[in-house]
Protein chains: 2
Amino acid sequence: MRKRATAKEVADAAGVSKWTVIRAFTEGASITEESKRRVMEAATALNYSPNLLARSLAKNLTHQIAVFVDDFANPQKLPFLETLTERLQAEGLVAMLININTNFDHVHALLNADQRQVDAVVLFGTAFRNETLNDSRLGRGAPPMFVLARDSQIEGVPAVVCDAERALREIVDHLHARGYRRPGFMSGASALSTALKRRQHFLEVWKEKGVDTVASLSAERYSAQAGVAAIRAYMESTAPADRIDVLMCENDILALGAMDTLRGTYGLRVPEDMAVVGFDNYELGGAFAYGLTTYEQPKDEMIDVIMAMITGRQPAETVTLSGKLIVRTST
Amino acid sequence: MRKRATAKEVADAAGVSKWTVIRAFTEGASITEESKRRVMEAATALNYSPNLLARSLAKNLTHQIAVFVDDFANPQKLPFLETLTERLQAEGLVAMLININTNFDHVHALLNADQRQVDAVVLFGTAFRNETLNDSRLGRGAPPMFVLARDSQIEGVPAVVCDAERALREIVDHLHARGYRRPGFMSGASALSTALKRRQHFLEVWKEKGVDTVASLSAERYSAQAGVAAIRAYMESTAPADRIDVLMCENDILALGAMDTLRGTYGLRVPEDMAVVGFDNYELGGAFAYGLTTYEQPKDEMIDVIMAMITGRQPAETVTLSGKLIVRTST
DNA sequence: AAGTTACTTGCTACCGGGTGCAAGCGAGTG
DNA sequence: CACTCGCTTGCACCCGGTAGCAAGTAACTT
């Protein structure tokens, strides 16, 4: 069993008290150059570094942020996780990655995060529901929470989100201008997708333009396979004459699955026979094979804002940012 | 500032000592039914649950596992992370996601994980080098480490890895049988790719078959964009007559970028003009648009094994598992 | 020289639990 | 009734730090 050196051991080696050792490792503490030098020498010799666990306990601050993720099928999670962890680490924080997919109880996950005294919880997934917070097991206390990249829908929990209304307006404007008039919308797991509000705004804007019927397609999950299954179900149950001329999918990964199936299984041309739009601007959507028209969320700014809220530089209030329509060949 | 109840408070409420409270929350501790019931009642009323931070400090066990990841461009990371976090959580462990991309100092990351007293470190990325462990700042102590999904190449650190030699043999056998004789290999970031050993075995097996020249393509990173750039550089510098007839890419995401560019930018047919092979079996590679022949790593078993090593059920020794060749239309 | 000020340093108490020993208590035994 | 055994409970001390007070020291003031 390896054993880390403690402040006491360093103190004995340097001939000072353990508090002087602590001061040597505390920014701006009152200590003479000479003492500090001797402590640091002893510390180096003994390979000492402060135990962050003990510090966390004493300071009631762990510098750990729990990140709740479900929806691992969406490849868009990765760039967000990369930037989020990067920014957290730059501030001396660290991410605890908590899987809250359907195999886990969210209340339990929250309790566990709380027991570990995380400084904050970032909800970065679609499934977390308001009811969870009202669960009796949770009682009065839960760490401060923030929702990333979806509408909060949770009382008192702020969100950092891409402006869905504006996004869908830009998308529908574009589709309308291109002459499409028979739209369809494919949503992911129904219980979860309301938080994204994409479908809702899609319907609204079409209505404003005088288009009242929007076909509904629904996928089981957010994955290419689920997109394939959803478009198949639609195609099998809809006569060619009744088919939509443009399909908007709740995210890119559904769109890629759908587009692929339209061409591969049904021999349709995209966009001539049916246009397809996604959401997220996943790297591969821009590949030649797809040329998927999509909408890019302002990832970096979103993470800037959530970092500011986590660190308290900015009040914990929902912030809505604007993204960018990316038109490619699929429309 | 929210405040959690402590064992002492529960003890006062239940009319016992704090140690009795602790015992009520300790599996198999010596305590009467009656005491336990009273403690639990008080605990529920006060919404008490043990502070895991304090417990970790006292027991010198945090139940936290640091997972070091670089290479966020590879979408294959997600299913691994999903399964890994799922399995960790099932054992009461939790993953600290540590980003070790090029913006971070690996020694510092390791020191930090050690200061946080993680029970183990899982290296799940390509870039970590043996030299890091020999850095003087690290001294004697680092947490037990395990390498996931690449060759360890680090002294004393075991790996759980897919048998690259066998994999590449199956792949090359397949390509040879299909009649290809002018192979090329695209590797990702050169400093990192040696750990995957894919290129090495690819060359060896072709040599056995009497093919001594294998074209070398190299991408900057593991991403579709990098794959695009690498294939472009190759195409621009190679006369049509000299071109390879099959391109093996170090992973699927490179292969998708390359395949896409071959078709989109150069108008080549895959596989007729050039076949393409990937590695990892990323979901989208199986899409109609690509039909990428690839090799699937035995993700679940790999994670089974690494969990067994982390929990000590299995000795910490490198384990090599076999994957599965997936032949599709790209070859 | 005594008083003031500023800076160091050690100490007590504490963060919220865990360990191992010893005292307390009741039942069973001779 | 004294004695042993076994379970339950309380206690001192520990995990490795942190906060804030107070004593100690040196330099500066009048």
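Naming convention: chains lettered A, B, ... in sequence-line order (proteins, then strands); numbering from 1 in each chain. Only this structure's heavy atoms are used, side chains among them; waters, hydrogens and symmetry mates stay out.
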Does the side chain of Arg55(B) come under 3.5 Å of the side chain of Asn51(B) through a donor N or O and an acceptor N or O? no
Is Ser30(A) touching bases, backbone alone, or none of the nucleic acid, heavy atoms closer than 4.0 Å? base
Are Glu91(A) and Arg313(A) close enough for a salt bridge, meaning some N to O gap below 4.0 Å? yes
Looking only at heavy atoms, what is the nearest atom pair of Gln297(B) and Ala149(B), with distance? OE1-CB, 4.1 Å
Let me see the working for Gln153(A) and Asn130(A) under side-chain contact (heavy atoms from CB on, under 4.5 Å), right down to the final yes or no. CA-CA 7 Å; Gln153(A) 302 195 311; Asn130(A) 189 30; 5.8 Å; no
Nearest heavy-atom contact between Ile303(B) and Phe80(B) is CD1-O, 3.6 Å
5' precedence on DNA chain D between Ala58(B) and Val16(B) (nearest-nucleotide basis): Val16(B)
Tell me, yes or no, whether the heavy-atom count around Glu33(B) atom CD, taken from other residues, nucleotides or ligands under 6.0 Å, exceeds 12. no
At a heavy-atom distance below 4.0 Å, what parts of residues 20-29 of chain B sit against DNA chain D? Thr20(B), Arg23(B)
What are the bounds, 5' to 3', of the part of DNA chain D that sits under 4.0 Å from heavy atoms of chain A? dG16(D) to dG20(D)
Would you mind classifying the nucleic acid contact of Leu57(B) as base, sugar-phosphate or nothing, using non-hydrogen atoms under 4.0 angstrom? base
Val121(A) versus Pro143(A), closest heavy-atom pair with distance: CG2-CG, 3.9 Å
Search all heavy atoms of Gln314(A) against all heavy atoms of Val319(A) and return the closest pair with its distance. NE2-CG2, 3.7 Å
Considering every strand and a 4.0 Å limit on heavy-atom distances, what is the contact class for Lys8(A): base, sugar-phosphate, or nothing? nothing
To the nearest 0.5 Å, tell me how far Asn99(B) CG sits from Asp71(B) CG. 11.0 Å
Outer limits of DNA chain C sitting under 4.0 Å from a non-hydrogen atom of chain B, read 5' to 3', are dG16(C) to dG20(C)
Please identify each residue that fulfils salt bridge (charged side-chain N to carboxylate O under 4.0 Å, His left out) with Arg221(B), with sequence neighbours left out. none
Atom CD of Glu34(B) with >12 non-hydrogen neighbours under 6.0 angstrom: yes
With sequence neighbours left out, write down each residue that passes side chain to side chain contact (heavy atoms under 4.5 Å, CB included) with Thr62(B), or none if nothing qualifies. Leu53(A), Ser56(B), Gln64(B), Gln117(B), Asp119(B)
Taking five pairs at each end, how big is the angle between the two axes of the helix from dA1(C)-dT30(D) to dG30(C)-dC1(D), to 10°? 60°
Are Asp300(A) and Arg87(A) close enough for a salt bridge, meaning some N to O gap below 4.0 Å? no
